[in-house]
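A short worksheet on the structure shown next.
The sequence lines fix the lettering, A, B, ..., with proteins before strands; numbering per chain opens at 1.
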Amino acid sequence: MFRPSPYEALQVLPPEERELSWKERLLLASGPLLSWYRREKRDLPWRENRDPYRIWISEIMLQQTRVEAVKPYFFRFFEHFPRISDLAAAPEEELLKCWEGLGYYSRARNIKKAAEILTEKYNGSFPESYGEILALPGIGSYTAGAIASIAFELPVPAVDGNVLRVLSRVTGSFDDILKQSTKKKMEALVSEVIQPGSAGDFNQALIETGAMICIPGGAPLCSQCPFFTVCAARSQGLTEKLPVKTPKKKRKIEEKTVLLLEYQDKIAIRKRREDGLLASLYEFVNVPGQLSAEEAGELLEQEVRPERLPEAKHIFSHVEWHMGGYFISLKEMPETLPGEESGPALFLTWEEIRKEYPVPNAFAVYKKYLDQRYGGEEE
DNA sequence: AAGTCGGGGGA
DNA sequence: TCCCCAGACTT
């Protein structure tokens, strides 16, 4: 007579073959993970100490931004704003100039707002509770968790894209990591296994694993991974399938014509509106559509000879600018300038603009042209 | 839940 | 080309 083994009857495998639960996987690996991190971690500027101000700024700069891109900005930032109170006192434009080229400029504006709150409400230092940190502008669940755990050793999760990728592979999860429900699940997992006393290192170790071992857009370096023995994706050959991410939408394309208007050796720029793309930054005069030299000339209502400039393409997250351009020397100052809402234009020397006014890199081709025409950085 | 918000580096 | 990066905020 057939009798199922106890394991079959219970629908479980014997311990050595049984699938581990997500919690067992994470708990078993946490020791090796911490040892690996403390041995192998990169020497990064924001890891010199646990000053919450430095941790904060680094975490904001690192949002959707690579480590190598952040480094020069990180150093320069603290030369300009050594203390939080310097940040609160500085004009927003000075902060934006310091942020020029880094992208996602609302981060800079939110830093200033938060600095004002820290200065006024918290006496220029950081609150030491997760909720109060989370309430600051520009700080969401990830950044709050990072600051709270790294600077203050609070046992809270800090789940970013790296951690989502690592955890989806280690636990063998097919949940779409772009969904916020998945992020919440993963935060709950980390909350259950994070060790008080090493929360900062634990979170950073997960992040470091994602950045160095369980890398995006390539085969993970499983042989070096602290999760090697417990990783579901590795043991089941699923590292190619995980993590699951839904495809993105296509970008819209916008045609523009950039006009470098010169009047008595000065160039026209104007401030962009305070909301939307590249908010509050400065730009060269431009109009929608690709204009011919004749059409461009007619906009100025005076006798001009537009010189054709190189075309340029700039890709943002969700929109693409295809730009043509003209350099136009004006004989007289026009009443109004062409452009969408035609805010008041400023005529300034290129030297002044380059030093003082934040002009985003979307205009890099035209900035470079002016560098050559008027002399910019020495070659 | 879906859109918006930069820029650059690597496949 | 396309993808993705130590995400947050608005709608």
Sugar-phosphate only, base, or nothing, as touched by Gly210(A) at under 4.0 Å among non-hydrogen atoms: nothing
5′-ward residue of the pair Gly217(A)/Val359(A) relative to DNA chain B: Val359(A)
Integer angstrom distance from the P of dG6(B) to that of dT11(C): 15 Å
Phosphate OP1/OP2 of dA8(C) contacted by Lys113(A) side-chain N/O (<4.0 Å): no
Nucleotide nearest Leu62(A) (side chain, heavy atoms from C-beta), chosen from dA6(C), dC9(C), dC4(C): dA6(C)
Closest nucleotide among dT1(C), dG7(C), dA6(C) to the Arg42(A) side chain: dA6(C)
Toward the 5' end of DNA chain C, by each residue's nearest nucleotide, Ile139(A) or Leu44(A): Leu44(A)
Touch class at under 4.0 angstrom, heavy-atom based, for Val319(A) against every strand present: nothing
Pairwise C1' distance, dC5(B) and dT1(C) [rounded to whole Å]: 22 Å
Connected via hydrophobic side-chain network under 4.5 Å: Val67(A) and Tyr104(A): no
Over all atoms of both residues, closest heavy-atom pair of Ile177(A) and Leu164(A): O-CD1, 3.6 Å
Note: Asp176(A)-Lys245(A) ion pair, threshold 4.0 Å (strictly below): no
Length of the line joining Ile60(A):CD1 and dA8(C):C1', which is rounded to integer Å: 9 Å
Aromatic centroids of Trp36(A) and Phe228(A) separated by under 6.0 Å: no
Between P of dC9(C) and OH of Tyr142(A), the distance in whole Å: 14 Å
Sugar-phosphate only, base, or nothing, as touched by Gly101(A) at under 4.0 Å among non-hydrogen atoms: sugar-phosphate
Common cluster, Leu178(A)/Met186(A), ILVMFWY with side-chain heavy-atom separation under 4.5 Å: no
Touch class at under 4.0 angstrom, heavy-atom based, for Lys250(A) against every strand present: nothing
Touch class at under 4.0 angstrom, heavy-atom based, for Lys184(A) against every strand present: nothing
Touch class at under 4.0 angstrom, heavy-atom based, for Ala362(A) against every strand present: sugar-phosphate
Distance, P atom - from dA11(B) to dA6(C), rounded to whole angstrom: 15 Å
Distance in angstrom units between Lys71(A) NZ and dA6(C) P, rounded: 12 Å
Position toward the 5' end of DNA chain C (nearest nucleotide), Arg66(A) or Gly138(A): Arg66(A)
Integer-rounded Å distance: dC5(C) C1' and Met212(A) CE: 14 Å
Spacing between Glu187(A) atom CD and dG7(C) atom C1', to the nearest angstrom: 12 Å
Short side-chain N/O contact from Gln63(A) to OP1 or OP2 of dG7(C), under 4.0 Å: no
Sugar-phosphate, base or nothing in reach of Trp46(A), heavy atoms under 4.0 Å: base
Opening and closing nucleotides of DNA chain B in contact with chain A, under 4.0 Å to non-hydrogen atoms: dA1(B) to dG9(B)
Protein-nucleotide distance (Arg54(A), atom CZ; dA6(C), atom C1'), rounded to Å: 16 Å
Arg107(A) CZ - dC5(C) C1' separation (whole Å): 10 Å
Nearest heavy-atom neighbours spanning Arg107(A) and Gln63(A): NH1-O, 2.9 Å
Exercise: identify the closest heavy-atom pair between Leu242(A) and Ser173(A): CD2-O, 3.1 Å
Listed nucleotide nearest any side-chain atom of Glu59(A), set dA6(C), dC9(C), dC5(C): dA6(C)
Aromatic ring pairing Phe78(A)/Phe74(A), orientation class (parallel under 30°, perpendicular over 60°, tilted between): perpendicular
Test item: Arg25(A) side-chain N/O and Thr171(A) main-chain N/O as donor-acceptor pair under 3.5 Å: no
Touch class at under 4.0 angstrom, heavy-atom based, for Ser317(A) against every strand present: base
Secondary-structure string, 5' to 3', Watson-Crick or G-U under 3.5 Å, | for another-strand partners, for DNA chain B: |||||.|||||
Under 4.0 angstrom between Ser58(A) side-chain N/O and dA6(C) OP1 or OP2: no
Carboxylate-amine/guanidinium proximity below 4.0 Å for Lys266(A) and Glu352(A): no
Pair Arg251(A) + Glu254(A), salt bridge at N-O below 4.0 Å: no
Flag, side chain of Tyr37(A) to backbone of Thr209(A), donor-acceptor distance under 3.5 Å: no
Separation of dC4(C) C1' from Arg251(A) CZ (nearest whole Å): 12 Å
